Amino acid sequence: MAKTVYVDNAATTAMSDVAVEAMKPYLQGIYGNPSSLHSVGQRAKEELEKARQTVADCLGASPREIYFTSGGSEADNQAIRSAAYNGAAKGKKHIISTNFEHHAVLHTLKKLEGEGFEVTYLPVDKNGLITAEQVEEAIRPDTALVTAMYANNEVGSILPIKEIGAVCRSHKVTFHTDAVQAVGHIPVNVEGDNIDMLSLSAHKFHGPKGVGVLYCRRNIPLRTFIEGGAQERGKRAGTENLAGICSMAAALKDAIDHLAENMAREEEMRDILIEGLSSIPHSKLNGDRFKRLPGNVNMCFEGIEGESLLLLLDAKGICASSGSACTSGSLDPSHVLLALGLPHEVAHGSLRLSLCPENTVEEMHYIVQEVPKVVEYLRSISPVWEELEKGERPHLI
Ligand SMILES: *Cc1c(COP(=O)(O)O)cnc(C)c1O
């Protein structure tokens with residue numbers, strides 16, 4: 001197999017034909033500035049508002065609750081800071097989150113701790129889940145915000161968002177969810193799921209990079225962090241990325257229109273990988289086996305380094321990840337795998353394979369054939385594996 005097998009779709013996806021075609025008219029034809037009063041600008045404005053309506057329909061929201069941003073990270077930052085400062089204005093400076101969020105959330109929370117907020121990080125269980133009861137027990141009279149991700153980007157576990165949202169609503173606490181890995185991949189509806197604020201990112205569902213959405217329920221005041229013009233109802237200044245926004249709307253609608261069939265395709269391929277790779281001795285599937293994104297596989301193999309595994313797989317045309325793209329390059333094991341309770345030694349030997357509907361069953365068989373060979377080779381040259389085999393240190397998985 002000479003061609004590249006790309007199984008790192010949780011890091012980013014290729015743009016779909018639908019998304020590329022939807023972008024083209026705005027690069028040259030409909031190039032106006034939506035804030036201009038003349039007809040060229042107003043034409044652009046019209047298309048911007050159509051895209052807002054499409055995104056709103058896909059989420060079960062109203063168009064005036066949709067704010068376009070530069071991506072998931074910006075949406076997370078704006079949502080969390082807005083809710084935190086809204087709370088602080090009423091004397092509420094407590095926030096609840098989990099210990100396995102994306103860094104866009106965790107680093108924002110760390111900054112807020114430096115500003116005098118107190119954050120409770122709920123510990124996820126060994127499968128990467130928390131319960132609504134855990135959230136309810138942590139809520140205090142001064143809790144301003146609960147922020148919990150819809151689905152984890154590394155281990156694919158899907159949190160009970162609807163139940164967490166219901167708990168937050170009954171205690172009148174604002175609920176934000178980073179749904180970047182969920183939207184376009186599993187059903188998400190802001191009404192049905194009791195969500196007050198939600199972040200999404202186009203490049204995780206075959207749209208363009210650098211564009212995303214913050215959904216903010218109409219009764220929640222959104223704060224402005226990028227000052228300038230009156231775009232996005234004064235909440236986010238800057239000339240709109242019209243081509244990106246219209247392309248994102250088309251990609252999202254396409255994903256939602258084909259959601260059931262895409263999920264079934266991904267699940268079939270995912271399960272081939274899980275079954276095939278689980279036969280490697282001293283391996284372990286990370287994340288919940290069932291409450292799991294249809295396209296996520298995350299495994300640990302004892303006695304090897306994830307980075308070496310990735311490089312050797314890359315040489316065979318397989319593009320995967322050891323965890324999140326954001327932490328790659330650092331030698332620390334993933335905070336997500338540590339949150340699941342894996343020992344450092346085991347967390348180092350991780351492999352994440354994240355699929356999209358364009359992957360093929362043939363590719364899955366190729367991966368199942370090649371990964372065991374590479375693991376076996378790396379173990380044959382690993383001093384740690386030698387100690388494990390001689391019984392000089394205990395197997396942990
Ligand atoms: C990718 C990702 C983000 C960041 O989105 P960008 O658009 O790349 O800024 C945030 N949260 C999660 C869970 C992600 O997977």
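Just so you know, ligand 1 is whichever comes first in the structure, and atom 1 is the first atom listed for that ligand. Since the model is a prediction, treat every value here as computed from it, not as a measurement.
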Okay, side chain of [X], backbone of [Y]: is any donor-acceptor separation there less than 3.5 Å?
X: T224; Y: G234; value: yes
X: S82; Y: A79; value: no
X: N296; Y: S157; value: no
X: H176; Y: I80; value: no

Subset of ligand 1 atoms that lie under 4.0 Å from at least one heavy atom of [X]:
X: Q181; result: 13 (C), 14 (C), 15 (O)
X: S73; result: 4 (C), 5 (O), 6 (P), 9 (O)
X: K204; result: 1 (C), 2 (C), 3 (C), 14 (C), 15 (O)
X: M149; result: 13 (C)
X: G71; result: 7 (O)
X: H203; result: 6 (P), 7 (O), 8 (O)

How close does the nearest protein non-hydrogen atom get to [atom], and which residue and atom is it?
atom: atom 12 (C) of ligand 1; answer: H102 CD2, 3.3 Å
atom: atom 7 (O) of ligand 1; answer: S201 OG, 2.6 Å
atom: atom 11 (N) of ligand 1; answer: D178 OD2, 2.7 Å

Problem set entry | Non-hydrogen side-chain atoms of K316 and Y366 separated by less than 4.5 Å | yes

Exercise. Any side-chain heavy atom of Y67 within less than 4.5 Å of one from Q78?
Worked result: no

For this session: Measure up the H282 and H395 rings against each other and bin them: parallel (under 30°), tilted (30 to 60°), perpendicular (over 60°).
Result: parallel

Seminar exercise, completed: Nearest heavy atom to atom 6 (P) of ligand 1, choosing from S70, A179, G72, A151, belongs to G72

